[in-house]
Amino acid sequence: MPLTLASLVQHSALKLSVRAGESRLDTPVRWAHVSELADPVPYMEGGELLLVTAMKLDAEDPQEMGRYVRRLAAAGVVGIGFAVGVNYEEVPEALVEAARTEDMPLLEVPRRTPFLAISKAVSAALAADQYRAVTAGFEAQRELTRAALSADGPAELLAKLAAHVHGWAALYDTSGAVVAAAPDWAARRAARLTPDVGRLRERPAPASAVVGGSEDRVELQSLGTGRRARGALAVGTAAPLGTAERYAVHSAVALLTLTTERSRSLHDAESRLGAAVLRMLLAGEADHARAVAGDLYGALLETPFRLITAEPALAGTARPEALARLADAVESAAARTGETLLVVPEPGRLVVLVADGGAAVRACADHAEALEARRARDATGAGPDELVVGLSAPAGPAGVAAALKQADQALAVARRRGRAMVEHEDMAAGSVLPLLADDAVRAFAEGTLRALREHDATGRGDLVDSLHAWLSRHGQWDAAAADLGVHRHTLRYRMKRVEEILGRSLDDPDVRMELWLALKASSAAS
């Protein structure tokens with residue numbers, strides 16, 4: 001327990017008596033300081049018991065004592081020890097009244113008690129308290145280490161930590177999701193701090209933050225030895241952590257960081273194995289791939305899966321952090337549901353093989369949806385830190401090469417359309433018209449129709465509109481002429497002029513197709 005003014009009053013050898021501020025004797029004392037200055041405030045840090053004899057004070061002047069005590073209270077001084085029998089035979093009433101007004105504890109120090117005895121008592125008590133805190137911290141470190149090495153690992157460590165700090169503790173993964181919490185009720189409380197954890201993860205590790213609310217005070221600590229956090233620890237308590245509790249938290253951070261880095265090394269080894277499995281599948285060696293995959297990836301290859309490819313939204317802007325965030329999101333989602341997935345990071349690119357219909361696919365879709373929502377909210381296009389994602393149709397081991405091609409095609413369409421993610425099924429089921437928004441297609445349309453538009457600009461006819469009406473009616477003269485409100489002979493003349501100007505025959509189906517696409521591309525651009 002910390003040293004308080006009450007502890008000093010109860011110290012039998014000091015013989016101190018209370019003259020004012022009885023209700024605040026439970027205030028902790030950080031130090032005992034002797035000062036006879038008329039204004040010792042510049043030399044105070046707060047938490048001191050100030051010992052005085054009023055050598056340079058008019059302790060019988062109510063106004064001077066009022067100013068003196070008010071300044072001490074504002075500086076955080078927790079109490080005044082006044083020695084009687086030196087300059088004053090008893091505590092001056094003006095000082096007593098000023099202390100009562102400010103509710104400042106005022107202790108009478110008898111002549112036979114030297115200030116040195118009080119300073120020694122304070123120092124000894126603080127040293128004993130510090131020793132107890134360090135001892136408790138070492139004991140907590142031993143318990144937390146045993147917990148970290150147990151079968152339950154992080155979950156058991158969190159339970160021990162929560163007991164030591166008399167609060168709760170939670171562990172977050174690289175995506176900011178809650179991995180474990182202790183006690184169980186703390187999981188919901190921890191989940192509400194996900195935005196704060198996200199902001200912490202954006203800072204270089206190690207990083208910490210304190211967030212508070214009506215419920216408790218929460219300290220967040222990043223985990224990891226590199227610049228990028230590998231997770232986070234949250235510790236919630238009713239009051240600021242004491243020395244012993246802080247030792248326990250620091251020990252937990254160190255142990256969880258070791259666990260995280262060890263897991264990261266295993267993860268990197270698994271990624272290298274996964275890359276080898278993917279190369280075998282792409283080479284058509286499904287049987288060899290299954291043999292190498294073994295128990296690690298074997299289950300994934302026995303069920304329908306999909307391929308995800310992701311690249312920076314802006315070509316030539318390789319942002320590994322953006323790819324890493326997507327990898328974290330799908331890996332965390334898979335870990336929470338026990339799914340197996342295969343992640344292959346490549347320079348400026350990410351390839352992921354995931355179970356069809358699983359949590360990892362949903363996490364990828366949610367990640368892309370969040371990117372598009374941010375773009376819509378900010379009214380901006382894709383930034384250099386954003387991705388485009390392509391998702392293949394379901395496939396099996398024999399169809400990996402085709403699935404990778406599908407994912408890349410979907411990714412290319414996503415980039416052209418300004419979308420964060422496109423699925424291959426959407427390409428097959430949707431219209432081809434969005435593809436006409438490509439700059440090259442627009443240039444083709446402009447060149448194809450330029451001569452007709454120049455003719456129309458002279459006021460000598462409406463060849464472009466007439467061509468559109470005739471093609472839309474599949475060459476039916478009467479229907480197209482009715483749409484235009486002209487005689488069919490007029491329309492025939494106009495189509496003959498189109499052929500003459502373009503130097504191409506409308507009887508050729510390829511010509512009709514190119515002209516129709518040029519017209520649609522032009523209307524899409526306008």
Please table the atom pairs, donor to acceptor, closer than 3.5 Å between any side-chain atom in residues 71-87 and protein atoms at least two apart or in another chain.
unit_1: Arg71; atom_1: NE; unit_2: Asp39; atom_2: OD1; d: 3.2
unit_1: Arg71; atom_1: NH2; unit_2: Asp39; atom_2: OD1; d: 3.1
unit_1: Arg71; atom_1: NH2; unit_2: Asp39; atom_2: OD2; d: 2.8
unit_1: Asn87; atom_1: ND2; unit_2: Thr53; atom_2: O; d: 3.1
unit_1: Asn87; atom_1: ND2; unit_2: Thr53; atom_2: OG1; d: 3.2

> Can Val29 and Glu48 be said to form a side-chain contact (heavy atoms from CB on, under 4.5 Å), step by step?
Replying inline: CA-CA 6 Å; Val29 179; Glu48 298 92 351; over 6 Å; no

>> Please determine whether side-chain contact (heavy atoms from CB on, under 4.5 Å) holds for the pair Leu95 and Leu106, giving the CA-CA distance in whole Å, both sets of side-chain angles, and the decisive distance to 0.1 Å.
In response: CA-CA 9 Å; Leu95 177 57; Leu106 176 60; 4.1 Å; yes

>> Pair Leu411, Glu311 - check side-chain contact (heavy atoms from CB on, under 4.5 Å), show working.
In response: CA-CA 8 Å; Leu411 184 148; Glu311 294 178 358; 3.7 Å; yes

> Can Leu37 and Tyr43 be said to form a side-chain contact (heavy atoms from CB on, under 4.5 Å), step by step?
Replying inline: CA-CA 10 Å; Leu37 294 175; Tyr43 306 98; 3.6 Å; yes

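The shortest distance between side-chain heavy atoms of Ile308 and Val351 does not fall below 4.5 Å. Counting heavy atoms from C-beta on, the side chains of Leu171 and Val178 never come closer than 4.5 Å. Side-chain contact check for Glu245 versus Val235: every heavy-atom pair is 4.5 Å or farther apart. You'll find the side chain of Asp196 stays beyond 4.5 Å of the side chain of Arg192, heavy atoms only. Residues Tyr68 and Val52 form a side-chain contact, since some pair of their non-hydrogen atoms from C-beta on lies under 4.5 Å apart. Residues Val218 and Val210 have side chains not in contact (no heavy-atom distance under 4.5 Å, counting atoms from C-beta outward). Residues Leu391 and Val389 have side chains not in contact (no heavy-atom distance under 4.5 Å, counting atoms from C-beta outward). Looking at heavy atoms from C-beta onward, Glu60 lies out of side-chain contact with Glu93 at the 4.5 angstrom threshold.
Here side-chain hydrogen bond (donor to acceptor under 3.5 Å, both in side chains) pairs that include residues 97-106, with residues two or more places apart or in two chains, are Ser23-Asp103, Glu97-Arg100.
A donor-acceptor pair under 3.5 Å links the side-chain atoms of Ser392 to the main chain of Leu307, judged by distance alone. Between the Thr237 side chain and the Pro240 main chain, no donor and acceptor come within less than 3.5 Å of each other. With Thr113 contributing its side chain and Leu14 its backbone, the two residues share a donor-acceptor pair below 3.5 Å. Distance alone, capped at 3.5 Å, places no donor-acceptor pair between the Tyr172 side chain and the Ala191 backbone. In terms of modelled atom types and a separation under 3.5 Å, the side chain of Ser222 and the main chain of Ala207 share a donor-acceptor contact. Thr257 places a side-chain N or O within donor-acceptor distance of the main-chain N or O of Val253, the cut-off being under 3.5 Å.
Contacts of Leu126 classified as side-chain contact (heavy atoms from CB on, under 4.5 Å), with partners at least two apart in sequence or in another chain: Leu3, Trp31, Val122. Residues satisfying the side-chain hydrogen bond (donor to acceptor under 3.5 Å, both in side chains) test with Arg67, not counting sequence neighbours, are none. Residues passing the salt bridge (Lys or Arg N to Asp or Glu O under 4.0 Å) test with Asp366: none are found, sequence neighbours excluded. Residues forming a side-chain contact (heavy atoms from CB on, under 4.5 Å) with Ala252 (at least two apart in sequence, or on another chain): Leu144, Leu157, Leu161, Leu233.
Here the closest non-hydrogen pair linking Ala32 and Leu51 is CB-CD1, 4.4 Å. A pairwise comparison of heavy atoms in Ala162 and Ala169 identifies CB-N, 4.1 Å as the closest pair. Minimum interatomic distance between Leu5 and Arg24 (heavy atoms only, all atoms of both residues): CD1-O, 4.0 Å. Scanning all heavy atoms of the two residues, the minimum distance from Gln221 to Ser208 falls at OE1-CB, 3.6 Å. Of all non-hydrogen atoms in Arg30 and Gly46, the two that sit nearest each other are NH1-O, 3.1 Å. Of all heavy-atom pairs spanning Ala190 and Ala170, the tightest one is CB-CB, 3.5 Å.
Atom CE of Met421 and atom CG of Leu387 lie 12.0 Å apart (nearest 0.5 Å). To the nearest 0.5 Å, atoms CD1 (Ile118) and CG (Leu107) are separated by 8.0 Å. Between Leu353 atom CG and Phe305 atom CZ the span is 5.0 Å, to the nearest 0.5 Å. How far CG of Leu223 is from CG of Asp173: 11.0 Å, rounded to the nearest 0.5 Å. Distance check: Leu25 CG to Thr27 OG1 gives 7.5 Å after rounding to the nearest 0.5 Å. To the nearest 0.5 angstrom, Thr309 atom OG1 is 9.0 Å from Leu350 atom CG.
A salt bridge is absent between Arg146 and Glu156; no separation between the charged side-chain nitrogens and carboxylate oxygens falls under 4.0 Å. Salt-bridge annotation for Arg246 and Glu219: present, with a side-chain N of the basic residue lying under 4.0 Å from a carboxylate O of the acidic one.
Atom CD of Glu45 sits in a sparse spot, with 12 or fewer heavy atoms from other residues, nucleotides or ligands closer than 6.0 Å. Remark: Glu36 CD is packed, more than 12 non-hydrogen atoms of other residues, nucleotides or ligands lying under 6.0 Å away. The number of heavy atoms from other shown groups lying within 6.0 Å of CD (Glu90) does not exceed 12.
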